[in-house]
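Step one of this worksheet: look at the structure below.
Atom set for the values below is all heavy atoms of this structure, side chains included, hydrogens, waters and symmetry mates excluded. Convention: sequence-line order gives letters A, B, ...; per-chain numbering from 1.
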Amino acid sequence: MIKKERFRKVIDYFTTHMPVAETELTYENPFSLLVAVILSAQCTDRRVNMITPVLLSRYPDAASMAEANSGELFEMIKSCSYPNNKAKHLIAMSRTLIDKFDGAVPDNLEDLQKLPGVGRKTANVILSVAFHKPAMAVDTHVFRVSERIGLTTRAKNPYDAELQLLKYIPEEKLSLAHHWLILHGRYICTARNPKCSECGLRAFCTYYEKSLDK
DNA sequence: ATCCCGAGGG
DNA sequence: CCCTCTGGAT
């Protein structure tokens with residue numbers, strides 16, 4: 001099956017079965033989304049959503065978080081992974097926002113990636129979700145699912161996968177597609193013991209086909 | 001034991 | 001390319 005056809009089938013399937021797909025992180029503005037996405041690394045959205053309301057009521061914007069006491073901030077986020085790194089990143093990120101961007105979250109990839117703790121994946125999420133710009137953030141789910149269902153072929157790294165996906169997904173569907181792949185990866189196409197019996201994509205899934213040989 | 005919407009540094 | 005950070009859920 002040619003690539004274009006494969007993408008069409010996948011998009012058709014999700015359009016029917018998951019017409020609405022949004023981030024499961026709660027947020028109110030670009031800054032709170034930025035904080036939530038930084039906290040979400042190696043941590044479930046459920047836990048992040050328990051932390052951010054408390055954290056953001058204490059530090060509602062870059063100005064207040066830039067002046068946060070690192071020990072106090074650490075205590076508030078210690079139940080998620082890498083609390084030490086994340087506490088440092090949140091404070092340094094806020095300081096950079098104040099120093100270089102007038103306290104506002106930038107709306108372009110280059111400037112977003114200048115923020116401590118913000119890499120390409122996080123920057124793409126902010127662009128796509130907070131600013132509704134065409135971008136494809138590739139996280140562990142998007143990377144795994146895309147490879148399994150053949151949207152990408154031997155992607156070497158997340159950026160490679162991003163380029164392969166951008167080639168065939170229409171701009172206006174990028175954000176939707178991003179969340180389709182994440183939610184599918186989270187609940188059906190899980191890393192271990194994927195629920196292929198519940199998956200409507202198995203008819204043309206190369207991963208499922210291979211699993212039958214075992 | 002293995003994985004969760006990674007980033008920074010060597 | 002590799003490693004480290006590092007808590008909670010399953």
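As a whole-Å value, the separation of A:E24 CD from B:dC5 P is 8 Å. To the nearest angstrom, P of B:dG6 lies 15 Å from CG of A:L34. When rounded to the nearest whole Å, the span between NE2 of A:H184 and P of B:dC5 equals 15 Å. Taking atom NZ of A:K86 as the reference point, atom P of B:dC5 lies 11 Å away to the nearest angstrom. Atom CD1 of A:I188 is separated from atom P of B:dC3 by 18 Å (rounded to the nearest Å).
Within the nucleic acid shown, A:T190 has no heavy atom closer than 4.0 Å to any nucleic acid atom.
Checked against salt bridge (Lys or Arg N to Asp or Glu O under 4.0 Å), A:E72 has the following partners two or more places apart in sequence or in another chain: A:R58. For A:A177, the side-chain contact (heavy atoms from CB on, under 4.5 Å) test picks out A:M136, A:I169, A:W180, with sequence neighbours left out. Residues meeting the salt bridge (Lys or Arg N to Asp or Glu O under 4.0 Å) test with A:E24, sequence neighbours left out: A:R186. The side-chain contact (heavy atoms from CB on, under 4.5 Å) check on A:K167 picks up nothing, with sequence neighbours excluded. Residues that satisfy the side-chain contact (heavy atoms from CB on, under 4.5 Å) test with A:A104, not counting sequence neighbours, are absent from this structure. The salt bridge (Lys or Arg N to Asp or Glu O under 4.0 Å) test applied to A:K88 returns no partner, not counting sequence neighbours.
Both the sub-6.0 Å distance and the 45° axial angle are satisfied by A:K9 relative to the ring of A:F204.
For the segment residues 134-151 of chain A, the set of residues with a heavy atom within less than 4.0 Å of an atom of DNA chain C is empty.
Considering only side-chain N and O atoms, A:R186 lies under 4.0 angstrom from the phosphate OP1 or OP2 of B:dC5.
Applying the side-chain hydrogen bond (donor to acceptor under 3.5 Å, both in side chains) rule to pairs touching residues 111-125 of chain A yields A:N108-A:D111, A:D111-A:K114, A:R120-A:E162, A:N124-A:E162, sequence neighbours excluded. Sorted by first then second residue, the salt bridge (charged side-chain N to carboxylate O under 4.0 Å, His left out) pairs that include residues 140-154 of chain A, not counting sequence neighbours, number zero.
When the C1' atom is used for both B:dC4 and C:dT6, the distance is 12 Å, rounded to whole Å. Taking the C1' atom of each, C:dC5 and B:dC3 are spaced 16 Å apart, rounded to whole Å.
Side-chain heavy atoms closer than 4.5 Å link hydrophobic residues (I, L, V, M, F, W, Y) into clusters, and following such links, even through other members, never connects A:I98 to A:I126.
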When you compare the protein's N or O atoms with those of nucleotides 8-10 of chain B, which come within less than 3.5 Å of each other, and at what distance?
unit_1	atom_1	unit_2	atom_2	d
B:dG8	OP1	A:G117	N	2.6

Side-chain donor-acceptor pairs under 3.5 Å in residues 192-202 of chain A, sequence neighbours left out?
unit_1	atom_1	unit_2	atom_2	d
A:R202	NH1	A:C196	O	3.4
A:R202	NH1	A:S197	O	3.3
A:R202	NH1	A:C199	O	2.9

Under 4.0 Å protein heavy-atom contacts per nucleotide of nucleotides 1-10 of chain C, with B for base, S for backbone only and - for none: ----BBBSS-
